[in-house]
Amino acid sequence: MLSLQVIRDQRQEVIDRLKIRQVDATELIAKIIRLDDVRRESQQQMDALNAQGNALAREIGALFQVGKAGEAKPLKEQTGELKIRSKEAEAAMEQARKELEELMILLPNLPHPSVLTGTSAEDNEIVFEEGELPDLGSAALAHWDLGKQYRIIDFALGTRIAGAGFPVYQGKGARLQRALINFFLDQALDAGYSEIQPPYLVNAASGFGTGQLPDKDGQMYHIPEEDLYLIPTAEVPVTNLYRDVILKPQDLPIRHVAYSACFRREAGSYGKDVRGLNRLHQFDKVEIVQITGPDQSYAALEEMREYVTGLLRKLEIPFRIVKLCGGDISFTAAMTYDMEVYSAAQKRWLEVSSVSNFESFQANRMKLRIREETGRMLPAHTLNGSALALPRMVAAILENNQTPEGIRVPDVLIPYAGFDLIS
RNA sequence: GGAGAGAUGGCCGAGUGGUCGAAGGCGCACGCCUGGAAAGUGUGUAACCGCCAAAAGUGGUUCAUGGGUUCGAAUCCCAUUCUCUCCGCCA
């Protein structure tokens, strides 16, 4: 969430920046400031009453010490009244604080000034494109057909065991998955990321910290008995490693990589978007996460974008980079690049990575801060990106690399897979 | 799952009703000492929310969390969460 201080001090700037998202927050912000005023007023009342009460308690204590308990009686009577009024002020303060909190979490992150105003994916900006789009001719099979033909992905079997959206990878399909995971992890290690194996279930506080809760409540699987959520991405547990943490400048930047399975309910998805591997309830992903100081986060974002670009090049799949417009950027992000690969049989671009800078939006929710040498507290900035999500990458590899002899494994994966052809 | 013990500052640990945001130690910061370092030594060292233009200062809150008793709670009572030990079960 945004900090109250920023909202108060740079009110017009905040309103203007939210217009990039086509959000008019004028009224909401006015309400927020009004509630904050109420909260402060109530607190001042409560503080003054408590101060009086504390002073009286000290006097009474002093009287008891010198054995003049009798003289304490009239003082005691005064404290009752103070206590009641203090409770009232506290209740008013809590009420205002609660309402304030409810409004604060309605405000999305401020888009970076360079983000284009827009309403939907139509307005996104293609900032980079590389690779020849293969023309496979009409005989080309989509990955779901290839998966069946070579017996490497069985969707029907997954449906029987769990349901739609839970494919079973078999034989070389399973080994290709493992090869990709290990390749991605090794690449990240080489680039200076340290590896984390996170829990796959998280509590509500973690879900709130990274912004999945309460806004995207319905997108996560929830286990009511324990009140835990299955992670939709390793971003959630890995970023929350630093919830309620105060970092020192020398700790920065923090760079982590984590493989995890990811679980998403994907309620409301349908049609060609969910065909085959395009959208699943469970999938594998390697995620990179960075925590930086406020002045370094955009340099880190570009570095992460470059890093993911390098992965796509090594896998030899045509790709493009899309900078999301204000209308398409997520609630929590200030700037996002989507990385899309071209899946030649489906003839469509598939998003395999989303690299975002959240600035201090998540950090404010998580109470993640940096204490400078001078003692001053700064908000930390958090970033993350897929590096990469497997299923659509697998779809593109299968489709683009199909030959009459079989599916050619990209060179960089051969040492990991242990074979060079799926036939 | 059953029985018991516990939760205090960055860490260890004292504290069973007032003068306690909290002894002592470690760590850390700055100084002294030193040719330099170690040792020694001195001082300082929580967060959050207010007031103040800001600094200084100052009010309030916080000893797992939430409630209660009391003029006054780290300390007493209740609930919850978590940790540890033993037993059971188990990859």
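All values reported here derive from a predicted model rather than from experimental measurement. Order of the sequence lines fixes the chain letters, A, B, ..., with proteins taken first and strands second; residue numbering starts at 1 for each chain.
A gap of 23 Å separates the P atoms of rC77(B) and rG2(B), to the nearest Å. Between rG15(B) and rC87(B), the two C1' atoms lie 34 Å apart (nearest whole Å). Between the P atoms of rC49(B) and rU34(B), the separation comes to 46 Å (whole Å). For the P atom pair drawn from rA3(B) and rG21(B), the interatomic distance equals 38 Å after rounding to whole Å. A gap of 6 Å separates the C1' atoms of rA7(B) and rA64(B), to the nearest Å. Annotation: rU16(B) and rG88(B) have their P atoms spaced 38 Å apart (nearest Å). If you take atom P in rC51(B) and the same atom in rA37(B), they sit 47 Å apart, rounded to whole Å. With P as the reference atom, rC32(B) and rG66(B) are 46 Å apart, rounded to whole Å.
Pairing of rU61(B), defined by two Watson-Crick or G-U wobble distances under 3.5 Å, is identified with rA47(B). Nucleotide rC52(B) is matched to nothing when pairs are restricted to Watson-Crick or G-U wobble geometry with both distances under 3.5 angstrom. Nucleotide rU34(B) has no partner under the Watson-Crick or G-U criteria, as no pair reaches both atom distances under 3.5 Å. Summarising the base pairing, rA91(B) is matched to no nucleotide, lacking a Watson-Crick or G-U wobble pair whose two defining distances lie under 3.5 Å. Base pairing of rG66(B) is made with rC78(B), judged by Watson-Crick or G-U wobble geometry with both donor-acceptor distances under 3.5 Å. Of the nucleotides present, none pairs with rA73(B) by Watson-Crick or G-U wobble criteria with both distances under 3.5 Å. Under the Watson-Crick or G-U wobble criterion, with both distances below 3.5 Å, rU85(B) is paired with rA3(B). Taking a pair to require two hydrogen-bonding distances under 3.5 Å in either a Watson-Crick or a G-U wobble arrangement, rA39(B) remains unpaired.
Between the CG atom of Asp47(A) and the P atom of rU61(B) there is a distance of 7 Å, given to the nearest Å. What separates CG of Asp244(A) from P of rG10(B) is a distance of 12 Å, to the nearest Å. Computed from coordinates, the Met93(A) CE to rC51(B) C1' distance equals 15 Å when rounded to whole Å. A straight line from CD1 of Ile246(A) to P of rG27(B) spans 22 Å, rounded to a whole angstrom. Taking atom CZ on Arg8(A) and atom C1' on rC49(B), their separation rounds to 13 Å, with Å as the unit. Rounded to a whole Å, the CD atom of Glu94(A) is 11 Å from the C1' atom of rU61(B). In this structure, Ile60(A) places its CD1 atom 12 Å from P of rA73(B), rounding to the nearest Å. The nearest whole Å value for the distance from the CG atom in Asp227(A) to the P atom in rU81(B) is 12 Å.
Annotation: the span from Ile407(A) atom CD1 to Asp420(A) atom CG amounts to 12.5 Å, rounded to 0.5 Å. For the atom pair CG of Leu185(A) and CG of Asp190(A), the computed distance is 11.0 Å after rounding to the nearest 0.5 Å. Atoms OG and CG, on Ser3(A) and Asp9(A) in that order, are 8.0 Å from each other to the nearest 0.5 Å.
One finds a side-chain N or O of Arg39(A) lying less than 4.0 angstrom from the OP1 or OP2 phosphate oxygen of rG50(B). The side chain of Asn54(A) contributes an N or O atom lying less than 4.0 Å from OP1 or OP2 of rU61(B). The phosphate of rC48(B) has OP1 or OP2 within less than 4.0 Å of a side-chain N or O from Arg369(A).
Distance from the side chain of Met377(A) is smallest to rA47(B) among rG59(B), rG50(B), rA47(B). Closest to the side chain of Asn50(A), out of rG60(B), rG68(B), rG50(B), is rG60(B). With rG68(B), rC71(B), rG60(B) as the candidates, the nucleotide lying closest to the side chain of Lys76(A) is rC71(B). Among the nucleotides rG68(B), rG18(B), rG59(B), the one closest to any side-chain atom of Ala57(A) is rG18(B).
When all heavy atoms are compared, the tightest approach of Met220(A) to Pro232(A) is SD-CD, 3.7 Å. For Ser386(A) against Lys285(A), the heavy-atom pair with the smallest separation is CB-CD, 3.8 Å.
Between Gln43(A) and Met46(A), it is Gln43(A) whose nearest contact on RNA chain B lies nearer the 5' terminus. Heavy-atom nearest nucleotides on RNA chain B were determined for Lys83(A) and for Gly61(A), and the one closer to the 5' end corresponds to Gly61(A).
For His222(A) and Phe263(A), the ring centers sit 6.0 Å or farther from each other. Between His112(A) and Tyr298(A), the ring centre distance stays below 6.0 Å.
Using a 4.0 Å heavy-atom distance criterion, Arg371(A) is classed as a sugar-phosphate-only contact. Across all strands shown, Arg58(A) has no heavy atoms under 4.0 Å from either base or sugar-phosphate atoms.
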Worksheet item: Run the ring-ring contact (aromatic ring centres under 6.0 Å, His included) check on Phe166(A) and His281(A) step by step: do they pass?
Response: CA-CA 6 Å; Phe166(A) 294 92; His281(A) 288 307; 5.4 Å; yes
